[in-house]
Every structure is written in structure tokens, then in C-alpha cells.
Amino acid sequence: GQARKLQAMLESAVDAIITIDGRGIITTVNPATARLFDYAQDEFIGRNVHFLMPEPYHSAHDGYIANYRATGTRKIIGIGREVTGRRRDGSTFPMHLAVSEFEMDGRVHFTGIIHDLSGQKATEQALRQAQ
Ligand code: HEM
């Protein structure tokens with residue numbers, strides 16, 4: 001059925017896929033999220049998504065979501081942005097973030113798709129230094 005296909009897609013995705021509720025609380029993550037940030041999959045659930053980012057994002061992120069919900073002004077949804085993520089050990093890495101919005105049981109939720117750019121950035125740097 002469709003649910004099993006969706007499950008297989010999430011399990012095999014290379015990119016990290018995270019869903020949050022309207023207040024930024026994580027409701028699901030796929031296995032790629034666990035690999036990228038170095039936590040077990042169940043350690044994400046129920047935590048505020050801002051634990052995955054360094055300052056100044058960490059302190060500002062609740063406000064970003066609240067601002068979007070109050071004004072409807074999209075800064076990332078449907079646009080995407082290169083931002084910085086934070087792993088379990090505190091190290092940071094460049095990532096591309098895409099966010100979309102959906103409604104479930106009458107409540108707003110968001111899906112974030114994170115593409116790790118650290119390999120790409122390292123290659124670019126090495127190429128520049130070789131010139
Ligand atoms: C907005 C950073 C992860 C959901 C934003 C903004 C930034 C940001 C900079 C826009 C602020 C503005 O210009 O007003 C980050 C960083 C992340 C991250 C550094 C690293 C982990 C996520 C994830 C989700 C998410 C995984 C969803 C699952 C949102 C939402 C908004 C937002 C809903 C408001 C809508 C919008 O501005 O279009 N975030 N974010 N964020 N983020 Fe995140």
C-alpha cells in the first residue's frame with residue numbers, strides 16, 4: 001500500500017527529513033537525520049528543532065516560526081536557504097534547508113529537508129587551493 005511505499009522512501013532517503021508541529025516540536029525523523037546529526041532516531045522526538053542549530057538561530061528559531069504564523073511572510077518556505085546545522089558533538093556544518101507546510105487533523109505542521117553541503121564545500125575549498 002501507499003503507507004509502506006512512503007515508509008520505504010523515508011527509510012532510504014539520502015537527505016535528512018524532519019517533521020515538526022506548529023511550535024517547532026519534532027514529531028518524526030528519518031534514519032538519514034540520525035546519521036547526519038549523530039543522535040538515535042528516538043532522541044529527536046518531542047524536542048524543539050532548535051537543538052539542531054547553533055546561535056544565533058538556536059535562540060531565534062521559535063520566533064521565526066511564530067513570526068511566519070502571525071504574518072504569513074515566507075522567508076524559507078518554498079524558497080530554501082543555506083544555513084548551519086549543529087551535530088551532537090557541537091561541531092557545525094553547512095546545509096541546504098527546504099521547508100514546506102502541511103495540515104494534519106486541523107493543525108499546521110512543517111517538513112524540513114536537509115541536504116548536507118559539507119562534502120561539497122570541502123571539495124570547492126580543495127579546488128581553490130590547488131589553483
Ligand atoms: C525559518 C534556520 C531547521 C522550520 C527559519 C529561518 C531561518 C531558519 C534562518 C528564517 C528566519 C527569517 O529570516 O525570518 C534554521 C536552521 C535550521 C533549521 C539553522 C537547522 C537545523 C528547520 C527545520 C524545520 C524548520 C528542520 C522544519 C522541520 C522552519 C519554519 C520557519 C523557519 C516553519 C518559518 C517559515 C519561513 O520563514 O518561511 N529557519 N532552520 N527549520 N524554519 Fe528553520
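Sequential numbering from 1 along the given sequence is applied to the chain's residues.
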Participant: Give me the atom names and distance for the closest heavy-atom approach of Leu10 to Pro31.
Facilitator: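 Scanning both residues completely, I find the closest heavy atoms to be O-CD, 3.7 Å.
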Participant: Are the side chain of Gln120 and the backbone N or O of Glu124 linked by a donor-acceptor pair below 3.5 Å?
Facilitator: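 Not confirmed, Gln120 side chain does not pair with Glu124 backbone.
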Participant: For residues Ala34 and Ala40, report the shortest heavy-atom separation together with the two atoms involved.
Facilitator: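 So the two residues come closest at CB-C, 4.4 Å.
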Participant: Is Tyr64 reachable from Ile76 through a run of hydrophobic residues whose side-chain heavy atoms are each under 4.5 Å from the next?
Facilitator: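 Per the 4.5 Å side-chain linkage, Ile76 and Tyr64 are co-clustered.
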Participant: Spell out, yes or no, whether Met95 and Ile113 are grouped together once hydrophobic residues are joined by side-chain heavy atoms under 4.5 Å, including indirect joins.
Facilitator: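 No, no single cluster joins them.
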Participant: Can you tell me how far apart CZ (Arg69) and CD (Glu101) are? Round to the nearest 0.5 Å.
Facilitator: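 If we round to the nearest 0.5 Å, Arg69:CZ and Glu101:CD are 8.0 Å apart.
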Participant: Quick one: does Thr27's side chain have a donor or acceptor within less than 3.5 Å of a partner on Thr19's backbone?
Facilitator: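 Yes: the side chain of Thr27 pairs with the backbone of Thr19.
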Participant: Which residues pass the ring pair (Phe, Tyr, Trp, His ring centres under 6.0 Å) test with Tyr39, not counting sequence neighbours?
Facilitator: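 In terms of ring pair (Phe, Tyr, Trp, His ring centres under 6.0 Å), with neighbours along the sequence ignored, Tyr39 is linked to Phe44, Phe51.
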Participant: Under the 3.5 angstrom rule, does the side chain of Arg74 hit a backbone N or O of Ile79 as a donor-acceptor pair?
Facilitator: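 No.
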Participant: Nearest 0.5 Å, what's the OG1-CD1 distance between Thr28 and Ile18?
Facilitator: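 If I round to the nearest 0.5 Å, the distance is 8.5 Å.
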Participant: State, to 0.1 Å, how close Gln41 and Val29 come at their nearest heavy-atom pair, and which atoms those are.
Facilitator: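 The pair with the smallest heavy-atom distance is NE2-O, 3.0 Å.
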Participant: Heavy atoms, side chains only, cut-off 4.5 Å: are Phe93 and Thr84 in contact?
Facilitator: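 Answer no - side chains too far apart.
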Participant: Salt bridge or not for Arg4 and Glu11, using N-O below 4.0 Å?
Facilitator: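 A salt bridge is absent here (no side-chain N lies under 4.0 Å from a carboxylate O).
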Participant: Please check this pair: side chain of Thr33 against backbone of Ile17, looking for a donor-acceptor N/O pair closer than 3.5 Å.
Facilitator: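 Here the side-chain-to-backbone pair exists.
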Participant: Kindly give the heavy-atom pair with the smallest separation between Gly85 and Pro54, and that separation in Å.
Facilitator: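 Of all heavy-atom pairs spanning Gly85 and Pro54, the closest is C-CD, 4.1 Å.
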Participant: Looking just at side-chain N and O atoms, do Asp15 and His115 make a donor-acceptor pair shorter than 3.5 Å?
Facilitator: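 Note: Asp15 and His115 side chains meet the donor-acceptor criterion.
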Participant: Begin with the C-alpha distance, continue with both residues' side-chain angles, and end with the deciding distance and a verdict on side-chain contact (heavy atoms from CB on, under 4.5 Å) for Ile20 and Ile65.
Facilitator: CA-CA 11 Å; Ile20 58 173; Ile65 297 174; 3.9 Å; yes
Participant: Quick check: are there more than 12 heavy atoms from other residues, nucleotides or ligands sitting under 6.0 Å from CZ of Arg87?
Facilitator: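 Atom CZ in Arg87 is packed in, count exceeds 12.
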Participant: Asp116 side chain to Ser118 main-chain N or O, any donor-acceptor pair under 3.5 Å?
Facilitator: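 Side chain of Asp116 to backbone of Ser118, a donor-acceptor pair under 3.5 Å: yes, one is there.
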Participant: If the plane angle is over 60° it's perpendicular, under 30° parallel, otherwise tilted; pick one for Phe110 and Tyr68.
Facilitator: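 Rings of Phe110 and Tyr68: perpendicular, as their planes differ by over 60°.
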Participant: Rounded at 0.5 Å granularity, tell me how far CZ in Arg86 sits from CG in Leu52.
Facilitator: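 One gets 9.5 Å once the value is rounded to the nearest 0.5 Å.
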Participant: Could you check Met53 against Val83 for side-chain contact (heavy atoms from CB on, under 4.5 Å), going step by step and ending with a plain yes or no?
Facilitator: CA-CA 9 Å; Met53 53 194 92; Val83 291; over 6 Å; no
Participant: When rounded to the nearest 0.5 angstrom, what is the spacing between OG in Ser12 and CG in Asn30?
Facilitator: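 If I round to the nearest 0.5 Å, the distance is 9.0 Å.
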Participant: Apply side-chain contact (heavy atoms from CB on, under 4.5 Å) to the pair Asp62 and Asn48, showing each step before the final yes or no.
Facilitator: CA-CA 9 Å; Asp62 286 359; Asn48 190 308; 2.9 Å; yes
Participant: Can you name the closest pair of heavy atoms from Lys121 and Pro94 and give their distance?
Facilitator: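 The answer is CG-CG, 3.6 Å.
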Participant: Can you list the steps and then say if His96 with Leu117 is a side-chain contact (heavy atoms from CB on, under 4.5 Å)?
Facilitator: CA-CA 7 Å; His96 181 268; Leu117 294 173; 4.2 Å; yes
Participant: Could you tell me whether the side chain of Thr73 reaches within less than 4.5 Å of the side chain of Lys75, counting heavy atoms only?
Facilitator: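 Counting from C-beta outward, Lys75 and Thr73 do come under 4.5 Å.
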